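Given the structure is predicted, the values throughout are model-derived calculations rather than measurements. Order of the sequence lines fixes the chain letters, A, B, ..., with proteins taken first and strands second; residue numbering starts at 1 for each chain. For the numbers below, each heavy atom of this structure counts, side chains included, while hydrogens, waters and symmetry mates do not.
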2 protein chains.
Amino acid sequence: MAKQFSSYKNPSLAVDLVVFGYHQQELSVLLLNRKDEPFKNGWTLPGGFLQMEETLLEVCTRILKTKLGIDKLYLEQLYTFDEPGRDPRGRVISVAYYALINPHRLAVVAGSMANDVQWFPVEKVPRLGFDHKRIFGQALQRLKSKILYHPVGFELLDDTFTMTELHELYETILGIAIDRRNFRRKILDSEYIVATGTKREGLKNRHPDLYRFNKHLKQNNFQLNIPS
Amino acid sequence: MAKQFSSYKNPSLAVDLVVFGYHQQELSVLLLNRKDEPFKNGWTLPGGFLQMEETLLEVCTRILKTKLGIDKLYLEQLYTFDEPGRDPRGRVISVAYYALINPHRLAVVAGSMANDVQWFPVEKVPRLGFDHKRIFGQALQRLKSKILYHPVGFELLDDTFTMTELHELYETILGIAIDRRNFRRKILDSEYIVATGTKREGLKNRHPDLYRFNKHLKQNNFQLNIPS
DNA sequence: TTACTTTGCGTCATAATAACGCAAACTAAA
DNA sequence: TTTAGTTTGCGTTATTATGACGCAAAGTAA
């Protein structure tokens with residue numbers, strides 16, 4: 001590990017991941033408890049160094065797979081952080097990605113996750129090592145703005161979901177109240193989601209309609225305005 | 001130069017710049033004619049390698065200063081490109097920035113620019129070396145979408161400008177026709193610009209009103225819709 | 001002067017939005 | 001199984017935003 005920082009003239013390149021999960025009206029982020037210095041026993045974003053001949057996305061999937069036991073999910077490059085001093089070990093430039101995952105799907109592999117990996121509600125994120133607080137904040141900001149015009153939030157829900165679940169997801173992520181009926185009209189008009197025609201099983205009388213993301217949507221015509 | 005690629009285990013880190021300029025209803029990008037292999041005599045985006053202890057932004061300003069003779073301008077990180085093979089010399093990961101400049105202000109230092117630097121209208125960009133066509137395309141896309149909700153375009157104009165000049169800037173960048181009167185209403189309502197109260201000098205009867213960007217604008221309430 | 005263009009400011013029909021009503025479907029408690 | 005309360009689906013309405021375009025004063029060029 002320390003080898004990475006010995007005598008190279010080029011800064012090291014790392015990848016940091018902000019993994020968001022949503023469950024029960026709570027947006028959480030996946031943090032890692034470090035076993036090594038620096039920031040030993042402190043919380044940080046999961047991350048890793050880039051190996052030669054490896055793409056940044058490959059680093060992401062490698063980290064997700066080996067450190068978190070996660071297979072595949074929505075990934076998007078966020079920003080590249082390069083403040084000198086952001087890593088006490090030396091000059092490390094980090095390309096940050098953010099990811100969205102439905103913790104339901106994660107449940108299967110949850111057992112394989114070391115107990116040094118933990119979900120934290122976004123309003124209860126502890127002090128983070130490196131400049132990870134800043135990276136996290138920027139990722140959250142990006143998610144908030146992206147959800148307004150892109151169906152990114154669906155990655156956080158099951159394949160099928162009720163209107164109420166989608167509505168609550170938006171309210172939770174944005175941290176605001178959104179009129180239920182106006183939200184419904186807007187999201188249905190946009191055709192971002194389609195009714196499945198079925199009702200959810202298991203309930204006594206299976207009431208609420210189920211929807212799924214419309215994969216065949218030609219183009220983005222969704223624009224949720226933030227009530228001021 | 002080739003030293004950069006000898007025996008390091010870490011990929012090299014570079015910065016590439018997409019410098020936009022606007023003049024007379026034409027949006028242009030600044031390209032560099034390479035003197036060295038690879039792509040000798042071919043056109044590329046200006047760029048450079050990151051030195052140890054240098055921030056990415058410092059690389060940007062260094063390139064702008066030494067290669068282009070430009071002092072300061074609007075700079076924004078665009079994306080980090082890492083496809084293996086994007087640079088034939090070896091593994092190079094490049095952080096791309098885009099910049100906006102008013103060529104008027106550039107005129108002073110134009111003489112210091114080597115004649116291997118040239119403005120190209122964005123629709124007449126020649127074949128570019130590396131993956132620079134892709135970087136350029138992404139930068140242009142970003143500019144187009146950013147201008148819809150952020151007063152980024154003002155960096156391309158003089159300190160004071162007429163409504164017509166601003167209107168033409170938008171039409172040029174977006175490549176669409178925008179109703180002059182609706183544009184005026186929308187941009188004035190947003191308070192992104194304010195009237196200077198003066199008229200432009202030099203004209204016989206100095207007719208059109210002059211505006212300037214409103215520096216004291218609290219928050220973004222501008223949203224120019226793209227007429228469909 | 002005259003003919004033409006540019007600029008500033010309106011109007012108006014239509015669409016989008018925010019606020020909210022209401023009954024049927026559903027749940028849980030008695 | 002009845003009753004009271006909640007959730008869900010679907011409207012209505014007043015207000016605002018938008019797109020299309022009229023028009024005259026200011027400016028220009030012959």
Interatomic distance where CD belongs to B/Q223 and C1' belongs to C/dA16 [whole Å]: 14 Å
Pairwise N/O distances under 3.5 Å, protein to nucleotides 4-8 of chain C:
{"residue": "C/dT7", "atom": "OP2", "partner": "B/T164", "partner atom": "OG1", "Å": "2.8"}
{"residue": "C/dG8", "atom": "OP1", "partner": "B/D209", "partner atom": "N", "Å": "2.6"}
{"residue": "C/dG8", "atom": "OP1", "partner": "B/D209", "partner atom": "OD2", "Å": "3.4"}
{"residue": "C/dG8", "atom": "OP2", "partner": "B/R184", "partner atom": "NH2", "Å": "3.4"}
{"residue": "C/dG8", "atom": "O5'", "partner": "B/R184", "partner atom": "NH2", "Å": "3.1"}
{"residue": "C/dG8", "atom": "N7", "partner": "B/R180", "partner atom": "NH1", "Å": "3.1"}
{"residue": "C/dG8", "atom": "O6", "partner": "B/R180", "partner atom": "NH2", "Å": "3.1"}

Roughly how many Å is it from CG in A/L188 to C1' in D/dT8, rounded to a whole number? 13 Å
From CG of B/N182 across to P of C/dC9 the rounded distance in Å is 15 Å
Distance check needed: D/dT18 P versus B/D189 CG, whole Å only. 9 Å
Considering the options B/F39, B/F136, B/W43, which one meets the ring-ring contact (aromatic ring centres under 6.0 Å, His included) requirement together with B/F130? B/F39
Going by an N to O cut-off under 4.0 Å, is there a salt bridge joining A/R86 and A/D16? yes
Taking only the side-chain nitrogens and oxygens of A/K186, find out if one of them lies under 4.0 Å from OP1 or OP2 of C/dT17. yes
Please state how far atom CD1 in A/I187 lies from atom C1' in C/dA16, giving the value in whole angstrom units. 16 Å
Hey, would you say the B/Y22 and B/F20 ring centroids sit under 6.0 Å apart? no
Whole-Å distance between C/dG10 P and B/D179 CG? 16 Å
Please report the distance, rounded to the nearest Å, between CZ in A/F161 and C1' in D/dT8. 16 Å
Heavy-atom donor-acceptor pair, B/S190 side chain to B/Y192 backbone, under 3.5 Å: yes
Starting at atom NE2 of A/H167, determine the distance to atom P of D/dT8, rounded to an integer number of angstrom. 11 Å
Between B/L32 and B/P46, which heavy-atom pair has the shortest distance, and what is it? CD2-CA, 4.2 Å
Intermediate values then yes/no, side-chain contact (heavy atoms from CB on, under 4.5 Å), A/F154 and A/L156: CA-CA 5 Å; A/F154 301 106; A/L156 295 165; over 6 Å; no
